[in-house]
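In what follows, a structure is listed as structure tokens, so that the remarks can point back to it.
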Amino acid sequence: MVVSRVISTQGGTLLSSALFISSRRIFSTSTSSRRDLPPLSEFVSSFTTHHIEKPVTTMPTEVHTNITTTIPIAPADSGHRRLKQSELPLPVLFDSQQAALSRKQLPKRTGTIAFKRGMMSVFDENGIRIPVTILQIDRAQVTYIKTIDEHGYFAVQVGAGARHAKNVTKPMLGHFSKAGVAPKKIVAEFRVRDESGLLPISHEIAVQHFKEGQFVDIWARSKGKGFSGVMKRHGFSGLPASHGVSVSHRSAGSTGQSQDPGRVLKGKKMAGRMGGDNVTVQNSKVVKIYPEFGLVLVKGPVPGPKYAAVSIQDALKKPDVE
């Protein structure tokens with residue numbers, strides 16, 4: 001049974017839900033024990049004496065049941081000031097473009113385009129043999145720049161190589177003519193952290209842009225291998241070469257289960273096209289530079305076939321020069 005009337009105190013404050021819970025316990029007892037209980041008014045006075053110590057400034061509010069309740073509010077002299085919506089600064093959302101740019105790791109300087117010329121070996125001062133890849137920077141120039149006000153981010157467009165005008169489309173001829181550079185063989189874009197990494201249009205990027213001993217990131221498209229089997233593509237060992245196997249020594253074998261699940265699961269390593277993917281080699285060390293030939297020698301392999309165009313930029317994880 002629930003009390004259906006409002007109980008108020010001298011201060012005009014509505015009693016807490018604990019009073020209603022206590023009163024519910026009173027009226028939920030048996031009929032025989034109700035006669036021995038004290039009157040409800042004595043219980044209310046006893047409850048207010050022990051549980052309500054200080055009066056609370058209240059504000060009356062009308063509800064649908066025509067019962068006057070009270071809501072605690074801050075005193076007038078507390079110094080509380082209600083702020084307007086226009087005074088509150090808007091937070092930067094985590095999924096906004098501004099927040100995404102602040103989280104993205106970008107190098108300070110722009111990169112450039114180089115052409116892979118092959119591999120060789122060099123020896124350091126201790127006589128240790130170091131395999132290096134030869135990269136040649138051929139007439140690399142800035143053809144366009146992008147700013148955060150116009151494009152939403154900072155970037156430098158670089159063109160390298162040379163191409164005859166008859167083999168270039170008219171829109172690209174106009175693009176190169178506006179930049180004041182000769183038609184380029186390939187064009188690539190390099191993002192930078194802020195405005196300090198931008199270079200003037202038609203600025204030439206030579207091998208002196210890099211220093212011996214620094215680390216760079218190199219990315220390019222790897223060699224295309226065509227349709228390859230599982231032994232070449234994924235390193236499978238193949239089927240036994242002894243008895244019981246007929247003309248399927250290099251096959252993949254079983255690729256799934258029986259009726260459950262009754263299909264080949266996604267991501268299963270199988271035969272397919274191999275190579276031709278974008279590959280990045282991080283933290284390659286610049287061993288030697290030759291300004292007179294426009295050559296940069298970097299330690300280790302570089303993706304792509306010979307004479308392929310590769311992109312080279314300061315390493316993100318090791319930006320400082322040794």
For Thr110 and Leu198: C-alpha separation, side-chain torsions, deciding distance, then whether side chain to side chain contact (heavy atoms under 4.5 Å, CB included) applies. CA-CA 7 Å; Thr110 181; Leu198 301 179; over 6 Å; no
Heavy-atom count around Glu195 CD within 6.0 Å, excluding the residue itself: above 12?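 No - once you tally the heavy atoms of other residues, nucleotides and ligands closer than 6.0 Å, there are 12 at most.
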Kindly write out the residues that satisfy ring-ring contact (aromatic ring centres under 6.0 Å, His included) with His151, not counting sequence neighbours, or none if the list is empty.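 Once residues adjacent in sequence are excluded, the partners of His151 under the ring-ring contact (aromatic ring centres under 6.0 Å, His included) criterion are Tyr144.
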Under 4.5 Å between side-chain heavy atoms, hopping through other hydrophobics if needed: is there a path connecting [X] to [Y]?
X	Y	result
Leu135	Val279	no
Leu295	Val216	no
Val298	Phe210	yes
Tyr290	Phe115	no

If the condition is salt bridge (Lys or Arg N to Asp or Glu O under 4.0 Å), which residues does Asp217 pass it with, not counting sequence neighbours?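 For Asp217 there are no salt bridge (Lys or Arg N to Asp or Glu O under 4.0 Å) partners, ignoring immediate neighbours.
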Could you tell me which residues satisfy salt bridge (Lys or Arg N to Asp or Glu O under 4.0 Å) with Lys225, sequence neighbours excluded, listed by chain and number?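 Residues passing salt bridge (Lys or Arg N to Asp or Glu O under 4.0 Å) with Lys225: none at all.
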Nearest 0.5 angstrom please: [X] [atom1] to [Y] [atom2], how far?
X	Y	atom1	atom2	answer
Gln313	Thr280	CD	OG1	11.0 Å
Gln105	Leu316	CD	CG	6.5 Å
Ile201	Thr143	CD1	OG1	8.0 Å

Looking at residues at least two apart in the chain, or sitting in another chain, which of them share a side-chain hydrogen bond (donor to acceptor under 3.5 Å, both in side chains) with Arg109?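 Scan of Arg109 (side-chain hydrogen bond (donor to acceptor under 3.5 Å, both in side chains), adjacent residues dropped) gives Asp314.
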Return the set of residues passing side-chain hydrogen bond (donor to acceptor under 3.5 Å, both in side chains) with Arg117 (not counting sequence neighbours), or none when no residue passes.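 Checked Arg117 against side-chain hydrogen bond (donor to acceptor under 3.5 Å, both in side chains); matches are Gln136.
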Is any side-chain heavy atom of [X] less than 4.5 Å from a side-chain heavy atom of [Y]?
X	Y	answer
Pro291	Gln208	yes
Val207	Phe293	no
Val287	Val122	yes
Val310	Pro303	no
Ser311	Ile218	no
Ile137	Val296	yes
Ile205	Val142	yes
Thr112	Ile312	yes

Over all heavy atoms of both residues, which pair between Gln214 and Lys211 is shortest? Give the atoms and the distance, please.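 Minimum heavy-atom contact is OE1-N, 2.8 Å.
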Could you report the tightest heavy-atom contact between Val245 and Pro240, atom names first, then the distance?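 Looking at all heavy atoms of both residues, the closest pair is CG2-O, 3.4 Å.
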Is the backbone of [Y] close enough, under 3.5 Å, to the side chain of [X] for a donor and an acceptor to pair up by distance?
X	Y	result
His249	Gly238	no
Lys116	Val302	yes
Glu150	Thr147	no

Can you tell me which residue pairs pass the side-chain hydrogen bond (donor to acceptor under 3.5 Å, both in side chains) test with a partner in residues 228-244, sequence neighbours excluded?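 Qualifying pairs, neighbours excluded: none.
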Quick one: salt bridge (charged side-chain N to carboxylate O under 4.0 Å, His left out) pairs with a partner in residues 286-308, sequence neighbours left out?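 The answer is Glu212-Lys288.
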In the hydrophobic clustering that connects Ile, Leu, Val, Met, Phe, Trp and Tyr at side-chain heavy-atom distances below 4.5 Å, which members other than Phe236 occupy its cluster, ordered by chain and number?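 Other cluster members: Val230, Met231.
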Using the test side chain to side chain contact (heavy atoms under 4.5 Å, CB included), find all partners of Pro301 that sit at least two apart in sequence or belong to another chain.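 Here no residue qualifies.
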Which pairs would a plain distance check flag for residues 174-194, meaning a side-chain donor or acceptor within less than 3.5 Å of a matching protein atom at least two apart in sequence or in another chain?
from, atom 1, to, atom 2, distance (Å)
His175, NE2, Gln157, OE1, 2.7
Lys184, NZ, Arg139, O, 2.8
Lys184, NZ, Gln141, OE1, 2.8
Glu189, OE1, Lys146, NZ, 2.9
Glu189, OE2, Tyr153, OH, 3.0
Arg193, NE, Leu106, O, 3.1
Arg193, NH2, Leu106, O, 3.1
Asp194, OD1, Ser196, N, 3.2
Asp194, OD1, Ser196, OG, 2.4

Residues 123-134, side-chain donor-acceptor partners within the protein, below 3.5 Å, at least two apart:
from, atom 1, to, atom 2, distance (Å)
Asp124, OD1, Asn126, N, 3.2
Asp124, OD1, Gly127, N, 3.0
Asp124, OD1, Ile128, N, 2.6
Arg129, NE, Ser121, OG, 3.2
Arg129, NH2, Ser121, OG, 2.9
Thr133, OG1, Gly300, O, 2.6

Identify all side-chain donor-acceptor contacts of residues 252-271 below 3.5 Å with residues at least two apart in sequence or on another chain.
from, atom 1, to, atom 2, distance (Å)
Ser254, OG, Gly256, O, 3.2

